[in-house]
Structure formats: C-alpha cells, structure tokens
Colleague: 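Sharing a structure here in structure tokens format.
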Amino acid sequence: VVPWPDQPIPGLLCGYTVRHSEGHSEPPFASLNLSWKTGDAKSAVFANRRLVERKLGISDRAVIGGRLTHGDTIVVFGRSLPVPFITRGFDDWPVFDGDAAVSDIPGLVLVMTYADCVPIVLYDPARPAIALVHAGWRGTALQIASKAAAALNRTFSADLSQVRAYIGPSIGGCCYEVGQDVHERLCGAYGARTSLFTEHGRVALDEANRQDLLAAGLFKSNIEVSGLCTSCRTDLFFSHRREHGATGRFGVFVGLI
Ligand SMILES: [Zn+2]
C-alpha cells in the first residue's frame with residue numbers, strides 16, 4: 001500500500017495498492033487483484049483483501065466498497081444521517097451503489113477498485129470529512145469530482161478552499177485514445193481548446209478532473225496529481241486498456257481513523 005500524502009495526516013488513512021506485491025492471484029490477475037468481477041478466483045481476491053486489511057491495520061468490517069453505476073451518484077455516509085442502502089455478501093466487502101461517496105464517520109474506510117479510471121480522494125481537515133471518487137470518461141464528463149466536492153460542502157459544511165485533493169494513478173494523456181463520441185462529450189463539459197486534449201485524439205482525464213476541482217473552488221496548491229499512467233506502468237498497476245480487459249483491479253482506500 002502506497003500512502004497519500006507523503007507526510008501522513010494524523011487521523012487520515014489513505015493509499016493505493018500496487019499489483020506486484022505478495023498477492024495470491026495468478027496471471028493475468030497477478031498478483032494483488034482486489035476485484036473478482038473480471039474473472040479471477042474469488043478465493044484469491046478475498047485472500048488479497050485480507051492481506052491489504054492487515055497491512056492497513058483495519059478489520060474487514062470497517063471497509064465498504066463502491067459498486068459502479070457509471071453515472072454521477074454520490075452516496076453520503078454521515079454520523080447523524082440515515083444509513084444509505086448497502087448490499088452485503090458472504091466474505092465480500094459490503095458495497096454501496098455509486099461512483100463516489102462522502103463520509104464523516106470515524107472508522108469507516110471507503111474503497112474503490114481501478115484499472116485506468118481516475119481515483120480522486122478529497123479531504124476536509126476541519127470536520128473532518130472525506131470523499132472517494134471513481135471517474136472514468138463518463139464520470140469525468142459528468143464532472144463527478146466537483147459534484148463530490150459540492151456534496152462535502154453541502155453535507156458537512158466543508159470550506160472548499162481548505163479541502164485537499166489527490167488525483168491518483170490513471171490512464172494518462174500519453175495513452176488514452178478516445179473516439180469521436182467521447183471526445184465530444186468531454187468537449188461539451190470542458191470546452192474544445194483546453195489542455196486536456198493531446199495529439200492523436202488522446203485525453204488527459206487526470207487534467208480534466210483537476211480543472212473540474214479548480215472550478216469547484218479548490219486551491220491549485222491543495223490539489224496533488226500522481227501523474228503515474230496505469231497503461232505505461234503495468235509493472236505497478238492493472239490497465240484495462242493496455243491488457244485488453246484481461247486484468248485485475250487495484251484499490252484506493254480512504255478513511256477517518
Ligand atoms: Zn501512458
């Protein structure tokens with residue numbers, strides 16, 4: 001587990017997993033694959049999850065995962081709010097249905113799994129509160145990052161000028177070629193002449209999400225971008241695009257402890 005930020009914040013647990021550690025999955029899922037959705041053996045995935053939980057020092061009961069809707073649904077976990085709908089499965093992480101979640105509940109660790117899509121963590125130091133976002137091209141076009149920031153503000157009164165953001169490893173502008181339809185959708189949201197479109201019809205989704213967070217009111221100096229490309233760095237990450245779908249998922253974890 002690689003922690004964020006480099007200088008740990010007391011009370012914040014946050015980090016992403018890398019694939020080639022001591023995981024239990026066989027190729028093409030080798031080795032620390034955290035999702036069984038792409039065909040890996042559940043026993044290996046569950047063993048990998050227990051391994052990560054031990055590394056993080058958390059119990060499985062504290063972890064809640066996100067099940068993607070490929071929309072802009074943001075699920076709210078609040079200390080004084082009704083509990084959202086959660087699906088529980090044997091040995092599996094309980095899951096919420098949504099592409100983002102916000103929380104101010106101590107001891108609750110949010111996790112989502114990725115292979116090219118953009119992971120975004122938001123941290124409001126005042127309450128404190130957190131958000132975890134999964135932004136593929138659809139979520140990016142729907143500006144889900146700024147919507148998650150707005151949810152932090154609306155639900156937990158977060159001052160967005162104080163919120164810190166981390167945009168994690170994702171497929172970079174070096175590798176992410178998109179078709180006309182995706183290009184048009186992103187142009188609709190961000191404008192045609194922005195810095196997120198590179199040559200050969202490629203798009204920097206991390207830059208799009210950075211611009212989205214700036215527009216939401218976050219300060220430039222409070223946004224950190226990993227810059228690691230999942231497609232260039234399959235030594236560290238799973239890449240859906242680079243590995244033609246036959247691959248696993250790495251995890252991004254964030255929780256208040
Ligand atoms: Zn790349």
Side-chain angles (χ1 to χ4, degrees), residues 2 4 14 16-19 35 38 66 68-74 98-101 111-122 131-151 163-216 218 220 222-234 236-245 247-252 254:
V2 179
W4 176 80
C14 183
Y16 62 81
T17 60
V18 291
R19 70 184 290 180
S35 172
T38 55
L68 300 183
T69 58
H70 297 288
D72 58 357
T73 303
I74 296 163
D99 294 43
V111 58
M112 296 229 252
T113 59
Y114 302 82
D116 292 342
C117 290
V118 186
I120 301 153
V121 171
L122 304 176
L132 180 61
V133 179
H134 186 290
W137 72 262
R138 285 185 189 83
T140 302
L142 289 166
Q143 297 172 310
I144 191 172
S146 58
K147 287 173 181 169
V163 166
R164 293 179 63 174
Y166 176 65
I167 299 174
S170 55
I171 190 163
C174 43
C175 292
Y176 190 46
E177 256 179 74
V178 297
Q180 188 67 27
D181 53 334
V182 175
H183 191 271
E184 276 169 15
R185 289 277 294 277
L186 290 166
C187 282
Y190 295 93
R193 283 183 300 278
T194 65
S195 53
L196 53 113
F197 300 102
T198 56
E199 71 279 21
H200 313 303
R202 289 174 189 161
V203 178
L205 288 181
D206 55 355
E207 173 59 16
N209 283 284
R210 194 183 71 90
Q211 290 183 17
D212 189 28
L213 289 172
L214 288 172
L218 271 74
K220 192 175 168 183
N222 286 335
I223 305 175
E224 193 180 319
V225 183
S226 155
L228 286 169
C229 170
T230 46
S231 170
C232 290
R233 297 300 304 271
T234 49
L236 293 174
F237 305 107
F238 298 101
S239 173
H240 175 78
R241 177 67 69 94
R242 176 70 168 265
E243 299 170 275
H244 309 289
T247 192
R249 298 288 182 270
F250 66 95
V252 175
V254 60

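As the structure is a prediction and not an experimental result, all values here were calculated from the model. Residues take their numbers from the sequence shown, with the count starting at 1.
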Colleague: Distance check, rounded to the nearest 0.5 Å: Asp72 atom CG versus Lys147 atom NZ?
Modeller: 3.5 Å

Colleague: Rounded at 0.5 Å granularity, tell me how far SG in Cys117 sits from NE2 in His70.
Modeller: 7.0 Å

Colleague: At their closest point, which heavy atom of Ile74 faces which heavy atom of Ala151, and how far apart are they?
Modeller: CG2-CB, 4.1 Å

Colleague: Using 0.5 Å steps for rounding, measure from the CG atom of Asp181 to the CH2 atom of Trp137.
Modeller: 6.0 Å

Colleague: Just do the side-chain contact (heavy atoms from CB on, under 4.5 Å) check on Arg164 and Trp4 with the steps written out, would you?
Modeller: CA-CA 11 Å; Arg164 293 179 63 174; Trp4 176 80; 4.3 Å; yes

Colleague: Measuring from atom CZ of Arg242 to atom SG of Cys229, what distance do you get when rounded to the nearest 0.5 angstrom?
Modeller: 8.0 Å

Colleague: Does Thr198 use its side chain to pair, donor to acceptor, with the backbone of Gly173 at less than 3.5 Å?
Modeller: yes

Colleague: What heavy-atom pair brings Gly71 and Leu142 nearest, and what distance separates the two atoms?
Modeller: C-CD1, 3.6 Å

Colleague: Is there a donor-acceptor pair closer than 3.5 Å between any side-chain N or O of Asp99 and the backbone N or O of Thr69?
Modeller: yes

Colleague: How far apart are the closest heavy atoms of Ile167 and Asn209, and which atoms are they?
Modeller: CD1-C, 4.1 Å

Colleague: If every non-hydrogen atom of Ala189 is compared with every non-hydrogen atom of Ala141, which pair is closest and at what distance?
Modeller: CB-O, 3.4 Å

Colleague: What do the steps show when you test Asp116 against Arg241 for salt bridge (charged side-chain N to carboxylate O under 4.0 Å, His left out), and what is the final call?
Modeller: CA-CA 7 Å; Asp116 292 342; Arg241 177 67 69 94; 5.7 Å; no

Colleague: If you look at every heavy atom in Ala165 and Leu218, which pair is closest and at what distance?
Modeller: CB-CD2, 3.6 Å

Colleague: Scan for salt bridge (Lys or Arg N to Asp or Glu O under 4.0 Å) pairs involving residues 201-210, sequence neighbours excluded, and state none if there are none.
Modeller: Glu177-Arg202, Glu207-Arg210

Colleague: Is the closest side-chain heavy-atom distance between Ile144 and His134 below 4.5 Å?
Modeller: no

Colleague: Any non-hydrogen side-chain atom of Val2 less than 4.5 Å from a side-chain atom of Val18?
Modeller: yes

Colleague: Only one of Thr230, Leu205, Val133 passes side-chain contact (heavy atoms from CB on, under 4.5 Å) with Val118; say which it is.
Modeller: Leu205

Colleague: For the residue pair Ala192 and Cys187, what are the closest heavy atoms and their distance?
Modeller: CA-SG, 3.8 Å

Colleague: Within a reach of under 6.0 Å around CZ of Arg185, are more than 12 heavy atoms found that belong to other residues, nucleotides or ligands?
Modeller: no

Colleague: Can you tell me how far CG of Leu186 sits from CD of Gln143, rounded to the nearest 0.5 angstrom?
Modeller: 10.0 Å

Colleague: According to the ring-ring contact (aromatic ring centres under 6.0 Å, His included) rule, which pairs have a member within residues 178-208, sequence neighbours left out?
Modeller: His183-Phe197

Colleague: Once ring-ring contact (aromatic ring centres under 6.0 Å, His included) is applied, do any residues pair with His240, and if so which ones, sequence neighbours excluded?
Modeller: none

Colleague: Return the CD to CG distance between Gln211 and Leu196, rounded to the nearest 0.5 Å.
Modeller: 5.0 Å

Colleague: Does Val182 form a side-chain contact (heavy atoms from CB on, under 4.5 Å) with Val203? I'd like the steps, not just the answer.
Modeller: CA-CA 10 Å; Val182 175; Val203 178; 5.8 Å; no

Colleague: Would you say the ring centroid of Tyr114 lies under 6.0 angstrom from that of Tyr16?
Modeller: no

Colleague: Which is it for Leu214 and Ile223 under the side-chain contact (heavy atoms from CB on, under 4.5 Å) test, yes or no, and what are the steps along the way?
Modeller: CA-CA 9 Å; Leu214 288 172; Ile223 305 175; 3.8 Å; yes

Colleague: Using side-chain contact (heavy atoms from CB on, under 4.5 Å), reason through Leu213 and Ile120 one step at a time and then give a plain yes or no.
Modeller: CA-CA 10 Å; Leu213 289 172; Ile120 301 153; 4.2 Å; yes

